[in-house]
Amino acid sequence: MAKFLVNGGRALEGEISVSGSKNASLPALAASLLFSDAPPLFQNLPEIEDIKRMKELLQSQKDGRFDYEVAKKIRASILAVGPALARFGRSSFPHPGGCVIGARPIDVFFDGWKAMGAIVEKTPPSGKKPGFLAVSKPGFEELGGVHSIPIYEIRAPQGLRGCDFTFRVPSVTGTEGLMMTAVLAQGRTILRNVAEEPEILSLADWLNKNGAKIGGAGTHTITIEGRGGKLLSGQVPFLAPPDRIEAGSLAILGAIAAKKMTIKNFPENELTALLGVLKTARAEFEITHHDHSLFPSITLKRATKLRAVNVQTKEYPGFATDLQAPYTVLATQAEGVSMIHETIFEGRLNYVEDLNKIGARINLCDPHRAIVHGPSNLTGWNLEGPDIRAGLAFLIAALVARGESQIGNIYQIDRGHEKIDARLRALGADIKRMEA
Ligand code: EPU
C-alpha cells in the first residue's frame, strides 16, 4: 500500500487553492441518470478516488442494476439508487461500503422510497442470486477472510408517486437521494426535516436549471413537482463549488503550521461555525474579498498562543463532523482543555488513540466525547489513515510533529483530497509519496 513519508515541523508558506467539492460532485454525477441520452457536462470535479469510483459505478449500471463489486466499495453508491429507480423502475445493489466512522444505516432511504410506492426486498425473488454477497474483510480471517453483506432489490411496479415524507434523521445523502427520485415521480413530493447542507442546494439549483422543479432546498422542507417520468435535458453543466471541508481543513492546518499561508477559493459563508471557533481559539487569520472571484481568500499564520475551545459537531450550519478530526489536532496545540463532542457518528473518535501514540494527551470519555489536554509536542511515528478525514488529520499532525512520520493506507486520504501531497509540497511541506 502507498504511504506518505513526512518530515514535520516546517513552517508553510505560499498559496493553495481549494478543489471542487467531493460531496457536491458525487450526487450530481449520480443525477446524470435522470437525464435524457445527451448527458450533462461536469466542470471542476475534483480528481479523487471517490469520484473515480462513482464514475465506475455509473458505467457498471445496466437498467438500474449496479455491479456489486463496484457498488460495495463506496458509501456514496447509495446516491445512484434513487435516480436509477426513478428512471428504470427498479434497482439492485449491495449494502454500501465506505468509511469506518459508524454504523451508517440506510433505513431513511428505504422508508422514503416505500412512501413513493416502491417495494424493497433484501433477498431477490426465488431462483435468482442469493441476497448476500461474500466479501473479504480484515478480521474475518478465521472464517476464510469472508463475510456477507446484504443485497437489495427495489422495484416500483406501479411507478413512483409523490408523497409527504418526514425524515427520522436529517440525512444529507438521504435528502439528496429522495429529492432526485422525486424529480421523475408522478405528482408533488414534500420532504420534511431534511438536511440543509449546501451540497443539497447546489444539486437542486443545478437540477432546476435543467428542468426540475425543486423548492426549499437549503431549508428543512423541500417540495418537488415530479415530472411523471419525463427525463431532464442536460443543457446547463454542473460546476462543482469549492470543497468547504477541504477549505476548513486547510485553514486548520494554516492556524497551526503556517508562516503565512493563503487559501484561495475559500467558501467563507459555509464555514462560519469553524471561523467562529478559530477566532475564539485566537487563531490569526484575515479574509480578503476579490472583485474577480466569487470566493474570498483567507490568509493564516501560526498563532503565538492558541486557546482551547470546546467543539460540538452539528448539522449545517453547525460545526461539520468532517472537520472534527482535523480540529482535534489543532486542539492538541492549544493551551488548556478542549472537549470534542461528536454528535453525528458514533465511530468518529476512534483515531484519538493513534494521536496519543505521537504525543497527544486525549482522554476518550465515550464513543462521542474526547477531552484534549494541550499543548502537546507531537513526535513522528507510524500511523494508518482510517478514513478520509482522520487520514487528513494524521497528515496535519505529521506536518506539525517533530521528526519523521509514516502515514499508511493513504488511499483513504486520496479518496477525498486531490493531489494533496503535491499541493502541500508547494507550500514547503516535506512529504514524499512512496508507492507500494
Ligand atoms: N442515518 C440513519 N439512517 C439513514 C441515514 C443516516 O440513521 O438511513 C444517520 C447516520 O447514522 C448519522 C446521521 O444520520 O448518524 C447523519 O448521517 P448522514 O446520512 O447525513 O450522512 P451521509 O449522508 O451518509 C454525508 C457526507 C459525509 C458527512 C455526513 C454528515 C456525502 C457523500 N457524505 O454522509 O461525508 O460526514 O453527510 O455531514 O455527502 C466525508 O466526506 O468524509 C463524509 C463522511
Side-chain angles (χ1 to χ4, degrees), residues 26-37 39-40 53-98 105-133 135 148-163 165 171 173-189 191 203 207 211-212 224 226-234:
L26 287 168
L29 281 169
S32 57
L33 290 172
L34 302 174
F35 285 77
S36 60
D37 291 337
R53 295 297 88 73
M54 179 57 93
K55 287 182 180 169
E56 284 165 18
L57 178 78
L58 294 169
Q59 278 157 9
S60 81
Q61 174 286 130
K62 279 200 191 77
D63 296 336
R65 288 178 168 274
F66 294 98
D67 183 295
Y68 300 155
E69 291 301 321
V70 182
K72 73 176 197 226
K73 285 186 193 155
I74 51 166
R75 160 86 191 174
S77 59
I78 189 74
L79 280 168
V81 175
L85 173 68
R87 180 175 192 143
F88 302 105
R90 59 175 299 173
S91 183
S92 72
F93 60 100
H95 194 90
I106 50 174
D107 57 300
V108 298
F109 293 80
F110 289 156
D111 290 348
W113 290 322
K114 285 180 194 162
M116 289 182 197
I119 301 162
V120 180
E121 285 175 328
K122 218 176 197 173
T123 309
S126 58
K128 296 206 181 150
K129 290 178 204 135
F132 290 90
L133 176 66
V135 293
S148 297
I149 54 172
I151 290 176
Y152 305 103
E153 175 99 14
I154 170 163
R155 288 173 289 123
Q158 313 292 325
L160 294 164
R161 50 174 195 272
C163 65
F165 178 75
S171 161
T173 49
T175 302
E176 293 159 348
L178 295 187
M179 186 172 88
M180 290 190 279
T181 314
V183 165
L184 296 189
Q186 188 76 48
R188 174 179 298 172
T189 296
L191 302 176
L203 175 67
L207 292 175
I224 304 114
R227 293 165 61 86
K230 189 164 173 271
L231 297 172
L232 299 172
S233 59

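This one's a predicted model, so the numbers in the text were calculated from it and none came from an experiment.
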Engineer: For the pair I106 and F93, evaluate side-chain contact (heavy atoms from CB on, under 4.5 Å) and give the outcome as yes or no after the intermediate values.
Structural biologist: CA-CA 12 Å; I106 50 174; F93 60 100; 4.3 Å; yes
Engineer: With rounding to the nearest 0.5 Å, note down the distance linking OG in S92 to CD in Q61.
Structural biologist: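 Reported value, rounded in 0.5 Å steps: 10.0 Å.
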Engineer: Atom CZ of residue position R227 - does it have more than 12 heavy atoms of other residues, nucleotides or ligands inside 6.0 Å?
Structural biologist: yes
Engineer: Of the non-hydrogen atoms in M54 and A76, which two are nearest, and what is the gap between them?
Structural biologist: CE-O, 3.2 Å
Engineer: Run the numbers on L207 and M180 for side-chain contact (heavy atoms from CB on, under 4.5 Å), then give the verdict.
Structural biologist: CA-CA 9 Å; L207 292 175; M180 290 190 279; 4.3 Å; yes
Engineer: Partners of S91 by side-chain hydrogen bond (donor to acceptor under 3.5 Å, both in side chains), sequence neighbours excluded?
Structural biologist: none
Engineer: Which value, rounded to the nearest 0.5 Å, describes the distance between R90 atom CZ and E153 atom CD?
Structural biologist: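 Those atoms lie 5.0 Å apart.
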Engineer: Walk me through it: do E176 and T173 pass the test side-chain contact (heavy atoms from CB on, under 4.5 Å)?
Structural biologist: CA-CA 5 Å; E176 293 159 348; T173 49; 3.8 Å; yes
Engineer: Over all heavy atoms of both residues, which pair between L160 and A118 is shortest? Give the atoms and the distance, please.
Structural biologist: CD2-CB, 4.2 Å
Engineer: Minimum heavy-atom separation for P105 and R75, please, with both atom names.
Structural biologist: O-NH2, 3.3 Å
Engineer: Nearest 0.5 Å, please: how far is CZ in F35 from CG in L184?
Structural biologist: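 Nearest 0.5 Å value for the CG-CZ distance: 10.0 Å.
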Engineer: With side-chain contact (heavy atoms from CB on, under 4.5 Å) as the criterion, how do V81 and F109 come out once you've worked through the C-alpha distance, each side chain's angles and the decisive distance to 0.1 Å?
Structural biologist: CA-CA 9 Å; V81 175; F109 293 80; over 6 Å; no
Engineer: Check A71 against P94 and note the closest heavy-atom contact, atom names and distance.
Structural biologist: CB-CD, 3.5 Å
Engineer: Nearest 0.5 Å, what's the CG-CG distance between L26 and L203?
Structural biologist: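 Between atom CG of L26 and atom CG of L203 there are 11.0 Å.
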Engineer: Between CG of L34 and OG of S233, what distance do you get to the nearest 0.5 Å?
Structural biologist: 12.0 Å
Engineer: In Å and rounded to the nearest 0.5 Å, what is the OH to CD distance from Y152 to E121?
Structural biologist: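 Going from OH on Y152 over to CD on E121, the span is 13.0 Å.
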Engineer: Hey, does the side chain of R53 reach the backbone of I74 with a donor-acceptor pair shorter than 3.5 angstrom?
Structural biologist: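 Not at all, since once roles are kept as given, no pair shorter than 3.5 Å links the two residues.
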Engineer: Once salt bridge (charged side-chain N to carboxylate O under 4.0 Å, His left out) is applied, do any residues pair with D63, and if so which ones, sequence neighbours excluded?
Structural biologist: none
Engineer: Specify the closest pair of heavy atoms between P83 and T181, including all atoms of both residues, with the distance to one decimal.
Structural biologist: N-OG1, 4.4 Å
Engineer: Kindly give the heavy-atom pair with the smallest separation between Q186 and G228, and that separation in Å.
Structural biologist: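 Result for this residue pair: OE1-CA, 3.6 Å.
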